[in-house]
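Below is one structure, written out as structure tokens; the observations come after it.
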Amino acid sequence: MATCSLRLFDTATGTVRSLELRDPGRVGMYVCGPTVYDVPHLGHGRFSLVFDVLRRYLQFCGLQVRYVSNITDVDDKILDRAEREGRAPSAVAGEFEAVWWRAMDALGVGRPDETPHATAWVEAMVAMVADLVGRGVAYETDDGVYLDVEQVPGYGLLALQPLDSLRAGARVESSVAKRSPLDFALWKKVAAFGAFGAFGAGGAGGAGGAGGAGGAADVFGAADAGGAGDVAGAGELWWPSPWGPGRPGWHTECVVMSLGLLGDGFDLHGGGQDLRFPHHENERAQAVAAGRTFAQHWAHNGFVEVDGEKMSKSLGNFTSLTDLLAQADGRAYRLLVLRSHYRKPIEVNPATVADAEEGLARLDGIARRFPAAAAAGAAATTADRALAAGADPEAVATFRVAMDDDLDTGGALAGVFELVRRANAAGDAGQAAEAERAATTVAALAGALGLALQATVDEVDAATAALVAQRDAARATKDWARADAVRDELVGRGWIVEDGPSGTAVRRKVPSR
RNA sequence: GGCGGCGUGGCCGAGUGGUUUAGGCAGGGGCCUGCAAAGCCCCGUACCCGGGUUCGAUUCCCGGCGCCGCCUCCA
């Protein structure tokens, strides 16, 4: 029976509590995805990994998970970039969405079940905003439609501060005619409305979400002002609405899409710590103001800290996920992220990444030494299957205890490494059955964390293969001097040389670097 | 100004009111190996500072210091 005994920190209550499911056995989770206006940075990588692991673990426990994560493809930053580079917003969004998925693939992050694009949901957003206006909790101004947060009960829940306190801390008051500095835009009117043809947009709205990359391209109603891209018209993006042409505010999309795809009272809403306030607070406020039941549980992951100045100059800047993935195995970053608790800040720099790569190599050693067991374990995506495949019940239980405790991946990982030791030790002692069992468990548990062990035989070029053959020949005749010389040559070329019963084997010093 | 988080051995990082410890990486010793590599065995004795609670605190409470973040549509 698929029981979920996971306890997770809930930002809304500030406590670690059991994840209560709306429908037993099924989990609906919504995680705020990226605004595709630039390449992803390390923080994007972290939240993607954290929630990917949560999703995998829930599945490991036997639950059926519906994972929704959006792509924000209409946003000031996208428009700014489009304007600056003189191209269509859809081109900017399309480019960076593609980059996003490539990075996700490299990290081994599974694709969401649904990937709603904001531009495909504008009609539904307009409907919600209209509903809020109708209820008297939202009001129109010269430049848009705002939510009156004073009227939302419990505003400040996720900020962990009462409304008064937030109001007091609010910074520079904008010139806009907002009733409160905390009120936020549900709808933004397009100011410099340059194109006067028929409304080009017409949201493709509706349910279903046009999941998948690039699906958003044709719904853009880019109203490029004719002629030179002078005023604010170039690259503008707008849709019709009762308040005139405009575009939705950021917070609106996530409310509409999460409720639209997962329904009222869905189980879990997640994202980075910085989304807690104001983004999630404002999503919640809208839902509450609209009389809807929103997420039952809120999860937020901590930040990535990079020893900025010092590091970027001397050792290479890792703030871009793309850069990191160009230099290191995506699995190493996953391991690095999993080593610490998801709510704590993590330090990412060349040293910690290298450290993780070494740890990864140790894990991969299991796949090299016990390929059959590793394959069997990897194929088991649930605890039940892992046990059926011969995994150690006790180790699996220990793993689950750690994971159930607010996703203590660090503790869970410690258990996995302990199993690595046991597998190798048993192997050394000739206890094949015990070794296989431990190895199977390692692969299954690592797999539950999204770490696919690789026995990868790196591609060996002809020259290297020739050197390996020379070493084997030299060793066969006990020509140690010659054998050592060849090894030095191989090492010099970046290979790790290991002599085994079947001869010399080589693998790359640092995986995929 | 308001709020939140963090400060653990060389590094990264779990965890806990006290008997025996996370784990990884690096390092030292040993086994294995022609020599290595990989693997195995053994080793460091840490918990920001000052108070308090307690028989006893790294772990609880208070204060301080330091670092980070949020209060601006930043994961």
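In the text below, chain A, chain B and the rest are named by the order of the sequence lines, each starting its count at 1.
RNA chain B is contacted by both A/Gly43 and A/Ala483; A/Ala483 maps to the nucleotide lying nearer its 5′ end (nearest heavy atom per residue). In terms of position on RNA chain B, the residue among A/Arg369 and A/Leu275 whose nearest nucleotide sits closer to the 5' end is A/Arg369.
Counting to the nearest Å, the C1' atom of B/C68 and the CD atom of A/Gln273 are 12 Å from each other. In this structure, A/Tyr333 places its OH atom 13 Å from P of B/A75, rounding to the nearest Å. Rounded to a whole Å, the CZ atom of A/Arg339 is 7 Å from the C1' atom of B/G13. In this entry the distance linking OH of A/Tyr342 with C1' of B/A75 reads 15 Å, nearest Å. Distance A/Phe277 CZ to B/G2 C1': 12 Å, rounded to the nearest Å. Put simply, CG on A/Leu338 is 13 Å from C1' on B/G23, counting in whole angstrom units. As rounded to whole Å, 13 Å separates atom P of B/A36 from atom CG of A/Asp488. Rounded to whole angstrom, the span from the NE2 atom of A/His251 across to the C1' atom of B/A75 amounts to 15 Å.
Taken to the nearest 0.5 Å, the CZ atom of A/Phe370 stands 13.5 Å off from the CZ atom of A/Arg437. Expressed to the nearest 0.5 Å, how far OG1 of A/Thr409 lies from CG of A/Leu54 amounts to 11.0 Å.
Side-chain atoms of A/Asn349 and base atoms of B/C12 include no donor and acceptor less than 3.5 Å apart. Side-chain atoms of A/Asp484 come within donor-acceptor range of the base of B/G34, with a qualifying N/O pair under 3.5 Å.
The C1' atoms of B/C35 and B/U45 are separated by 35 Å, rounded to the nearest whole Å. On the C1' atoms, B/C12 is 14 Å away from B/A46, given to the nearest whole Å. If you take atom C1' in B/C55 and the same atom in B/G2, they sit 42 Å apart, rounded to whole Å. Distance check on atom C1': B/G56 versus B/G18 gives 6 Å, rounded to whole Å. Comparing B/C31 with B/C6, their C1' atoms are spaced 42 Å from each other, to the whole Å. Rounded to whole Å, the P atom of B/C47 lies 8 Å from the corresponding atom of B/G9. Look at the C1' atom in both B/G34 and B/G27: the space between them is 27 Å, to the nearest Å. B/C25 sits 15 Å from B/G44 when the C1' atoms are compared, rounded to a whole Å.
Residue A/Lys344 is classed as a sugar-phosphate contact, given heavy-atom separations below 4.0 Å to backbone atoms only. Residue A/Gly359 is in sugar-phosphate contact alone, with no base atom involved, counting any heavy-atom pair closer than 4.0 Å across all strands shown. Among the protein residues, A/Gly271 comes within range of the sugar-phosphate backbone only, with heavy atoms under 4.0 Å from sugar or phosphate atoms but none that close to a base. Contact annotation for A/Pro34: no contact, since no heavy-atom pair falls under 4.0 Å across all strands. A/Gly302 comes within 4.0 angstrom of a base, heavy atoms only. Note on A/Arg362: only backbone sugar-phosphate atoms sit closer than 4.0 angstrom, heavy atoms only; bases stay farther off. Residue contacts for A/Val31: at a heavy-atom cut-off of 4.0 Å it reaches no nucleic acid atom on any strand shown. Using a 4.0 Å heavy-atom cutoff across all strands shown, A/Phe303 reaches at least one base atom of the nucleic acid. Contact annotation for A/Arg343: no contact, since no heavy-atom pair falls under 4.0 Å across all strands. Across all strands shown, A/Asn301 has heavy atoms under 4.0 Å from base atoms, whether or not it also approaches the sugar-phosphate.
Nearest to the side chain of A/Leu166, among B/C71, B/G34, B/G4, sits B/C71. When distances are taken from the side chain of A/Asp355 to each of B/A75, B/A26, B/G24, the shortest belongs to B/G24. Residue A/Asp499 has its side chain nearest to B/G34 when only B/G34, B/C40, B/G13 are considered. Distance from the side chain of A/Glu498 is smallest to B/A37 among B/C35, B/A14, B/A37. Nearest nucleotide to the A/Ile496 side chain, out of B/A37, B/G13, B/G5: B/A37. With B/A75, B/C35, B/G13 as the candidates, the nucleotide lying closest to the side chain of A/His41 is B/A75. If you check B/G5, B/G15, B/A75 against the side chain of A/Asp408, the one that comes closest is B/G15. Nearest to the side chain of A/Arg487, among B/A36, B/C71, B/G13, sits B/A36. Looking at the side chain of A/Arg475, the nearest of the listed nucleotides B/C68, B/G34, B/G23 is B/G34.
B/G63 is paired with B/C49 under the Watson-Crick or G-U wobble criterion, all donor-acceptor distances under 3.5 Å. Using N1 to N3 plus N6-O4 or O6-N4 for Watson-Crick, or N1-O2 and O6-N3 for G-U wobble, each under 3.5 Å, B/C55 pairs with B/G18. Across all strands shown, B/G9 has no partner, as no Watson-Crick or G-U wobble contact with both distances under 3.5 Å is found. With a cut-off of 3.5 Å on both Watson-Crick or G-U wobble distances, the partner of B/C40 is given as B/G30. Applying the Watson-Crick and G-U wobble criteria (two distances, each under 3.5 Å), B/G69 pairs with B/C3.
Classification of A/Arg339 and A/Asp355 as a salt-bridged pair holds, one side-chain N sitting under 4.0 Å from a carboxylate O. Using a cut-off of 4.0 Å between Lys/Arg side-chain N and Asp/Glu carboxylate O, A/Asp80 and A/Lys77 are scored as not salt-bridged. Under the 4.0 Å criterion applied to side-chain N and carboxylate O atoms, A/Glu357 and A/Arg331 are not assigned as salt-bridge partners. Using a 4.0 Å cut-off between a side-chain N of Lys or Arg and a carboxylate O of Asp or Glu, A/Asp428 and A/Arg369 qualify as a salt bridge. The existence of a salt bridge linking A/Asp105 and A/Arg111 is confirmed by a sub-4.0 Å separation between a basic side-chain nitrogen and an acidic carboxylate oxygen.
Within the 4.5 Å cutoff, no side-chain heavy atoms of A/Trp250 are placed close to those of A/Asn282.
Between A/Phe47 and A/Tyr342, the ring center distance fails the sub-6.0 Å criterion. You'll find the ring centres of A/His300 and A/His280 inside the 6.0 Å limit.
Residues A/Glu253 and A/Thr72 have side chains that bring a donor and an acceptor to within less than 3.5 angstrom of each other.
Checking side-chain atoms of A/Thr398 against main-chain N and O of A/Glu394 turns up a donor-acceptor pair under 3.5 Å.
Of the residues in residues 417-426 of chain A, those lying under 4.0 Å from RNA chain B by heavy-atom distance are A/Phe417, A/Arg421, A/Asn424, A/Ala425.
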